[in-house]
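As the structure lists them, so they are numbered: ligands from 1, and atoms in each ligand from 1. What you see is a predicted model, and the numbers here were worked out from it, not measured in a lab.
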Amino acid sequence: MSQVAPGGPPAGVPGRMPVIPGSFAYHRPKSVTEAVALLADLGEDARPLAGGHSLIPMMKLRLATPEHLVDLAGIRDLKGIRADGGDVVIGAMTTQHEIGASELLAAKIPLLGEASLVIADPQVRYVGTLGGNVANGDPGNDMPAIMLCLGATYHVVGKAGERRIPAREFYRGAYVTALKPGEVLTAVRIPGPPAGHGSAYEKLKRKIGDYATAAAAVLLTMSGGRVATCSIGLTNVAETPLWAEAAAKILNGSSLDPATVKRAVAAAEAITSPASDARGPAHYRTKMAGVMLARALARARQRAA
Ligand SMILES: Cc1cc2nc3c(=O)[nH]c(=O)nc-3n(C[C@H](O)[C@H](O)[C@H](O)COP(=O)(O)OP(=O)(O)OC[C@H]3O[C@@H](n4cnc5c(N)ncnc54)[C@H](O)[C@@H]3O)c2cc1C
């Protein structure tokens, strides 16, 4: 279904007032097939619309000027959280609020609920979706680093069919991802961490509702008082979310003693390259990534059986 552009004709057309975003046509498909066909027909001037809490602000600033919005909100198949064998599959249009409220996730992957609760504020979380958060490519978004940490895979559908992209290969630069024009991210598949794992997400922000100055996600398992497995993701300290593989390797086999944690923190800091901005100078943000990592490691350790 297509409707008249809510924005009306472009500024300057007699008798009509301009609105803040540029004008666009609105489409509301009922299925993924219909959405993909629409995006293919409309070409590069069309964008999927999910919760709109990143895209609409960009449009109001005229940093994004799509001529067509293909709203995914009417596609039931894109909603929901389900177990699938040892994995958990979350539909792209599942909201951040629904992730925070999910009993299945609380039992299997508590890291997700914890992270969703530090995203923005309740109003944003009621509408903002997981798919939008991870597809956006904004290094300030919290969920991408969580997905790197958890080893998630993104299900993507385009005119050529479905492909599955590991989150760790998805992010190429600020707002640049492996998504091709016309593709829709339909779901996120996450391998269930082993029972007894510990996890934590530590986020430094200037105030409630802010994006991270720096944040760190940790998932680990312990065996006989030593780290058996460890994975680390970092938020907003580079143009993309970071998977701190070398830092995690340093921790494997250790008892998380202070000297080893210090070496791992240094390895994590070494891969960061944040911008100096209103959240602080680059060096400060790198150091805060290290502090967040040390805190997340300590909390994940406490939580591990
Ligand atoms: C005041 C405020 C504070 C915020 N603070 C935070 C924060 O602290 N942490 C954080 O992580 N986020 C924050 N956000 C962003 C928020 O979480 C967004 O909701 C989220 O980043 C994008 O999700 P969305 O569903 O709103 O996507 P949209 O805004 O609709 O889309 C974002 C982008 O992804 C594309 N897209 C969306 N869904 C799909 C899909 N299924 N397939 C392909 N492409 C798709 C769109 O075309 C668009 O380019 C904040 C937003 C606001 C307004």
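The closest side-chain donor-acceptor pair between Thr95 and Thr129, if any, does not fall under 3.5 angstrom. Checking Arg47 against His68 by side-chain atom types alone, no donor-acceptor pair falls below 3.5 Å. Side-chain polar atoms of Tyr175 and Asn136 form no donor-acceptor pair below 3.5 angstrom. Using modelled atom types and a 3.5 Å distance limit, the side chains of Asp142 and Thr235 yield no donor-acceptor pair.
Atoms of ligand 1 lying under 4.0 Å from at least one heavy atom of Asp210, given by number and element, are 8 (O). The contact set between ligand 1 and Gly209, taken as ligand atoms under 4.0 Å from a residue heavy atom, comprises 3 (C), 5 (N). In the vicinity of Asn141, heavy-atom distances shorter than 4.0 Å reach the ligand 1 atoms 10 (C), 11 (O), 12 (N), 21 (O). Numbered from 1 in the order shown, with element, the atoms of ligand 1 that lie under 4.0 Å from a heavy atom of Leu72 read 40 (C), 41 (N). The ligand atoms of ligand 1 that sit less than 4.0 angstrom from a heavy atom of Ala50 are 25 (O), 27 (O), 30 (O), 37 (C), 38 (N). Under a 4.0 Å criterion applied to the non-hydrogen atoms of Ala135, ligand 1 contributes the atoms 44 (N), 45 (C). Near Gly52, meaning under 4.0 Å from any of its heavy atoms, are these atoms of ligand 1: 24 (P), 26 (O), 27 (O), 28 (P), 29 (O), 30 (O). Each of the atoms 19 (O), 25 (O), 26 (O) of ligand 1 lies under 4.0 Å from some heavy atom of Gly128.
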Going through the distances and angles, do Asn236 and Tyr211 end up as a side-chain hydrogen bond (donor to acceptor under 3.5 Å, both in side chains)? CA-CA 8 Å; Asn236 216 12; Tyr211 289 88; over 6 Å; no

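In terms of protein heavy-atom proximity, atom 17 (O) of ligand 1 is closest to Gln96 NE2, 3.2 Å. Shortest contact from atom 41 (N) of ligand 1 to any protein heavy atom: Leu185 O, 2.9 Å. Residue, atom and distance of the protein heavy atom nearest to atom 24 (P) of ligand 1 are Gly51 N, 3.4 Å. When hydrogens are left out, the protein atom nearest atom 26 (O) of ligand 1 is His53 N, 2.8 Å; that is the closest non-hydrogen contact. With hydrogens left out, the protein atom closest to atom 21 (O) of ligand 1 is Ser54 OG, 2.9 Å, a heavy atom. Atom 37 (C) of ligand 1 has its closest protein heavy atom at Gly132 CA, 3.5 Å. Nearest to atom 14 (N) of ligand 1 among the protein's heavy atoms is Tyr211 OH, 3.0 Å. Looking only at heavy atoms of the protein, atom 33 (C) of ligand 1 is closest to Asn136 OD1, 3.4 Å.
At a heavy-atom cutoff of 4.0 Å, ligand 1 is contacted by no atom of Lys205, backbone or side chain. By the criterion of a heavy-atom distance under 4.0 Å, the side chain of Lys203, and not its backbone, is placed next to ligand 1.
Every N/O-N/O distance between Gly140 and ligand 1 stays at or above 3.5 Å. The shortest N or O to N or O distance between Leu49 and ligand 1 is not below 3.5 Å. Taking any N or O of Pro48, backbone or side chain, at least one lies under 3.5 Å from an N or O belonging to ligand 1. Between Ala120 and ligand 1, an N or O atom pair is found at a separation short of 3.5 Å.
The closest non-hydrogen atom to atom 2 (C) of ligand 1, taken over Asp142, Val124, Val134, comes from Val124. Nearest-residue assignment for atom 25 (O) of ligand 1 (options Val32, Thr177, Leu55, Thr129; heavy-atom criterion): Thr129.
Side-chain contact between Thr272 and Leu242 is present, with at least one heavy-atom pair separated by less than 4.5 Å. At a threshold of 4.5 Å between non-hydrogen side-chain atoms, the residues Trp243 and Ile271 do not count as touching. Here the side chains of Ile190 and Leu112 are in contact, with some heavy-atom distance below 4.5 Å. For the pair Val227 and Met222, the minimum side-chain heavy-atom distance is below 4.5 Å.
For the ligand labelled ligand 1, residue Thr186 lies outside the 4.0 Å heavy-atom shell.
For Ser102 (side chain) and Ile99 (main-chain N/O), no donor-acceptor pair under 3.5 Å exists by modelled atom type.
With rounding to the nearest 0.5 angstrom, the CE atom of Met143 is 7.5 Å from the CD1 atom of Ile90. One finds the NE2 atom of His27 at 11.0 Å from the CG atom of Asp71 (value rounded to the nearest 0.5 Å).
Within a 6.0 Å sphere centred on NZ of Lys203, heavy atoms belonging to other residues, nucleotides or ligands number more than 12.
Using a 4.0 Å cut-off between charged nitrogen and carboxylate oxygen, Arg163 and Glu183 count as a salt-bridge pair. Checked for salt-bridge contact, Glu98 and Lys79 meet the test: a charged N lies under 4.0 Å from a carboxylate O.
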